[in-house]
Amino acid sequence: MPEQARIIDGKAAAAELRAGIGREVAAIKAARGLVPGLHVVLVGDDPASRVYVASKEKLAAEIGMNSAAHRLPAETTEAELLAKIAALNADDAVDGILVQLPLPKHIDTGRIIDAIDPAKDVDGLHPINAGLLAGGKNGLVPCTPLGCMLLLKQTLPSLSGLDAVVVGRSELVGRPVAQLLLQADCTVTIAHSRTRNLAEVVRRADIVVAAVGRPLMIKGDWIKPGATVIDVGINRMPDGKLAGDVDFAEAVRVAGAITPVPGGVGPMTIACLLRNTLTAFHARRGA
Ligand code: GUN
């Protein structure tokens with residue numbers, strides 16, 4: 001039998017995180033009669049987004065949070081969506097607002113995100129929260145990067161001084177996860193589609209975070225033996241199965257620890273959304 005990496009069980013970690021949040025929600029309800037509320041806005045009927053939103057609604061309800069999904073037709077205008085956000089901003093029972101992305105093309109995503117009250121921005125995408133993160137002062141932190149960090153911290157005794165390579169520079173994952181790795185005292189490289197000698201850059205990494213959205217792009221021989229590999233990619237393959245950005249079958253023989261797809265980072269994202277809702281509740285309504 002060839003040696004095999006430890007498989008990082010994101011499903012179990014997410015279940016544990018949700019259970020802890022559920023206990024805290026119950027304690028808040030018992031002590032203060034308040035229930036944190038998460039509101040998700042979905043515009044149009046993108047099938048993947050519908051599944052994500054239903055899952056967010058279900059898991060929030062499961063841990064005893066108030067949760068509501070606002071499903072708006074694809075023809076919703078930017079002005080109508082801004083009015084919906086203004087109403088949620090003004091509603092004191094709403095602790096967290098998430099606008100599911102992508103939005104239909106006729107809506108300017110930046111304008112919508114800018115309109116969300118930063119104190120309720122549980123996606124952590126508002127420029128105020130992104131700016132706080134860039135300055136090393138956390139406001140609300142994007143959910144998937146937060147999930148990556150929790151998995152890394154449970155896998156490695158210390159992140160300090162490690163070489164981390166993030167492949168991908170998106171606003172949703174690559175940039176914020178790089179900031180969090182820097183806060184954890186890693187030496188951080190952000191690689192992207194224009195990076196020269198990408199394989200060589202990745203080969204230097206003690207920690208690889210793959211967030212490019214290209215199935216199986218990162219090969220086993222790009223991985224330094226013993227490295228920890230966090231695969232954020234969720235790509236639908238022609239056979240209907242899901243695959244990550246990392247060639248798992250190859251990388252699992254080289255890495256020290258690796259997240260599977262599915263069952264790695266994916267489940268952590270929603271758990272971290274619930275955690276952010278609780279964080280927003282405490283910041284707005286007092287701990
Ligand atoms: N669509 C896919 N991932 C995300 C996410 O993290 N936040 C939002 N709002 N939409 C998404």
Side-chain angles (χ1 to χ4, degrees), residues 10 14 17 38-60 67-72 74 76 78 81-82 84-85 88-89 94-105 107-118 120-130 133 139-151 166 168-180 209-215 230-236 242 244-245 259 261-262 264-277 279-280:
L17 182 57
L38 170 64
H39 290 244
V40 180
V41 180
L42 172 64
V43 183
D45 39 31
D46 176 70
S49 291
R50 287 180 90 88
V51 173
Y52 287 136
V53 168
S55 186
K56 286 166 184 170
E57 217 181 350
K58 174 173 165 272
L59 292 174
S67 82
H70 304 263
R71 294 180 173 83
L72 308 178
T76 301
E78 193 173 286
L81 183 53
L82 288 168
K84 167 57 85 180
I85 289 168
L88 294 172
N89 283 344
V94 175
D95 294 291
I97 302 169
L98 179 140
V99 177
Q100 186 68 29
L101 304 177
L103 287 168
K105 289 198 171 41
I107 295 176
D108 180 339
T109 301
R111 281 189 74 179
I112 299 304
I113 288 170
D114 289 359
I116 298 171
D117 178 350
K120 298 186 178 188
D121 168 38
V122 283
D123 235 354
L125 297 178
H126 190 283
I128 292 271
N129 285 316
L133 183 60
L140 289 162
V141 174
C143 308
T144 301
L146 194 54
C148 292
M149 294 307 292
L150 294 177
L151 291 179
V166 178
R169 55 177 157 179
S170 69
E171 258 181 87
L172 215 54
V173 184
R175 287 167 200 254
V177 83
Q179 297 288 356
L180 292 170
V209 179
V212 263
R214 289 182 56 186
I230 305 290
D231 190 352
V232 180
I234 301 180
N235 307 286
R236 182 74 62 185
L242 293 178
D245 292 346
T259 57
V261 176
V265 175
M268 290 299 283
T269 297
I270 298 183
C272 287
L273 172 66
L274 302 174
R275 188 175 125 151
N276 276 352
T277 304
T279 304

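All ligand and atom numbering here is 1-based and tracks the order in the structure. For the single chain, residues carry numbers from 1 onward in sequence order.
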Exercise. Is the shortest heavy-atom distance from the side chain of K120 to the side chain of V94 under 4.5 Å?
Worked result: yes

Exercise. Residues two or more places apart in sequence or in another chain: which of them pass salt bridge (Lys or Arg N to Asp or Glu O under 4.0 Å) with R214?
Worked result: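 Partners of R214 under the salt bridge (Lys or Arg N to Asp or Glu O under 4.0 Å) test: none.
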
For this session: Tell me, please, which residues at least two apart from D231 pass salt bridge (Lys or Arg N to Asp or Glu O under 4.0 Å).
Result: none

Exercise. Do you know the tightest heavy-atom contact between D108 and E78?
Worked result: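 Heavy atoms of D108 and E78 come nearest at N-OE1, 2.9 Å.
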
N/O contact list for ligand 1, threshold under 3.5 Å:
from, atom 1, to, atom 2, distance (Å)
ligand 1, 1 (N), Q100, NE2, 3.2
ligand 1, 1 (N), L101, O, 2.9
ligand 1, 7 (N), D123, OD1, 3.1
ligand 1, 7 (N), D123, OD2, 3.1
ligand 1, 9 (N), V99, O, 2.8
ligand 1, 9 (N), D123, OD2, 2.4
ligand 1, 10 (N), L101, N, 2.9

Problem set entry | Donor-acceptor under 3.5 Å (N129 side chain, G124 main chain) |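 Judged by distance alone, no pair lies under 3.5 Å.
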
Problem set entry | Partners passing side chain to side chain contact (heavy atoms under 4.5 Å, CB included) against A48 (at least two apart in sequence or in another chain) |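 A48 satisfies side chain to side chain contact (heavy atoms under 4.5 Å, CB included) with D46, Y52 once adjacent residues are dropped.
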
